[in-house]
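For ligands, and for the atoms within them, numbers begin at 1 and follow the listed sequence. None of these values were measured; they are calculated from a predicted model. Residue numbers run from 1 in the order of the sequence given.
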Amino acid sequence: MNTLNSISYPIYFENTLTELVKFINQGNYSRFFILTDENTGKYCLPIIRKHIDKLDNFDIIEINAGEESKNIDFCVGVWKMLIDFSADRQSLLINLGGGVISDLGGFVASTYKRGIDFVHVPTTLLSQVDASVGGKTGIDMDNIKNIIGTFTQPKAVFIEQSFLETLPARQILSGLAEMLKHGLICDASYWSQLKNSDLKKPSAELVYKSVEIKNKVVIEDPHEKGIRKSLNFGHTIGHAVETYSLVNDENPLTHGEAIAIGMICEARLSNIKIGLSDADLTEIYETINGLYPKYEIAETCYKTLYNIMLKDKKNQSGKINCTLLTSIGHCSIDNICTEDELCESLRYYSAL
Ligand code: GLY
């Protein structure tokens, strides 16, 4: 698999850990820091350590795993560690983990001393096919996802497939939602290929294809002024459901599980508002419902979900803005949706 070139950095798929060591050695860095959580510290760091053992100018910074860590308090913790370790502007931060580590680590690095270099070594399917590519960094605040952040590109991304082998099935499904989205928004043949594959264990070729699609979009529109909004399909309702679940459920939905719900609801919106055919809508919900568990959303929660959507950073002039589909493989950005329409789509999901 060829290395992909992104906006200003390479995305490696082969010999990734050797490439990482080469990158560190060539970078003239004074020190480097590896940001992990307790899972990646346990399962992935030992693999990396085998490759960097000969280097002695590094330290490990570990935070708690999970979306609950993606906030300013944990940033302060990491900034303090960097200060305590006397990290200078020639330092490098290696983000070893899933989306929380890459988003938070990227944000910490992009603001520490007005910005130090960082790279991502994504360890979940979700972060490999989505969070690690495109330069979005950020944290949550007041239960609003990614509301604080920057666009800052990493210096490189290293996609090591073997990290996926130990992931629980639920985490694979979480990343898969973004892969399905890639097919739905711009590549009908990739969508078909996914549907006909063993999705419990997506192949390296499928992961590569998803990264290729995402990379093409972000190169064209790094700051989400236009076509990058296509990547938000399923995310207006999905983020609201995810936030609601994080606050209210003992065992909250994963990002992908919430986005799967969002994609069904937003496919329904596409059907009623911009002519997505009944056949395409049926194909979408049958495929997604076949993969993801059903989540009960009581009618009494709709107002809360709507209020969460009103705070979405993608809104314009207080109006809720969705990316919708005109057909499988084609999307339309900037569709304003009303409260009634959004609620109807939630009702549609619940009735399936
Ligand atoms: N996760 C969507 C984007 O990177 O634009």
Side-chain angles (χ1 to χ4, degrees), residues 4-9 11 67 70 95 97-107 109-110 118-120 122-140 144-154 156-157 159 171 173-187 190 207 209-243 253-263 266 309 312-316 321-325 331-335:
L4 289 174
N5 289 313
S6 193
I7 298 160
S8 52
Y9 56 94
I11 307 171
E67 189 75 21
K70 202 172 149 186
N95 297 316
V100 171
I101 289 285
S102 55
D103 286 9
L104 182 143
F107 179 64
S110 71
F118 64 92
V119 297
H120 297 313
T123 57
T124 61
L125 182 59
L126 181 62
S127 58
Q128 292 193 350
V129 298
D130 187 29
S132 65
V133 177
K136 280 189 178 174
T137 82
I139 52 170
D140 307 336
I144 311 170
K145 279 185 65 72
N146 304 324
I147 190 75
I148 309 292
T150 64
F151 281 107
T152 313
Q153 303 302 328
V157 177
I159 297 192
Q171 285 305 321
L173 268 182
S174 185
L176 182 64
E178 297 290 349
M179 297 171 73
L180 294 166
K181 179 194 78 180
H182 291 147
L184 287 174
I185 59 170
C186 64
D187 193 332
Y190 179 54
V207 172
K209 182 74 195 166
S210 256
V211 178
E212 201 175 29
I213 290 174
K214 167 136 197 206
N215 190 40
K216 193 160 170 277
V217 173
V218 300
I219 287 174
E220 207 175 312
D221 176 23
H223 295 105
E224 202 170 305
K225 301 284 184 222
I227 190 65
R228 186 165 181 170
K229 294 182 190 175
S230 63
L231 297 169
N232 294 332
F233 173 64
H235 283 62
T236 301
I237 293 178
H239 269 165
V241 173
E242 184 181 8
T243 304
L253 292 171
T254 62
H255 177 72
E257 286 166 347
I259 296 314
I261 297 167
M263 288 196 290
E266 292 177 27
M309 288 179 226
D312 192 301
K313 65 182 172 326
K314 303 185 292 290
N315 295 344
Q316 277 169 357
N321 194 1
C322 290
T323 293
L324 301 178
L325 302 177
C331 66
S332 149
I333 60 171
D334 290 336
N335 296 279

R228 backbone acceptor or donor facing D221 side chain under 3.5 Å: yes

Backbone of T323 reached by a side-chain donor or acceptor of N335 within 3.5 Å: no

Expected output: side-chain T236 to main-chain N321 donor-acceptor under 3.5 Å: yes

S127: side chain to side chain contact (heavy atoms under 4.5 Å, CB included) partners, not counting sequence neighbours: P122, T124, A131

Reference residue H255; test side-chain hydrogen bond (donor to acceptor under 3.5 Å, both in side chains); the match among E67, Q171, E178: E178

Check: Y9 main-chain N/O paired with S6 side-chain donor or acceptor under 3.5 Å: no

Pocket residues of ligand 1, ordered first by chain and then by residue number (heavy-atom cut-off under 4.0 Å): D130, K136, K214, E224, R228, L231

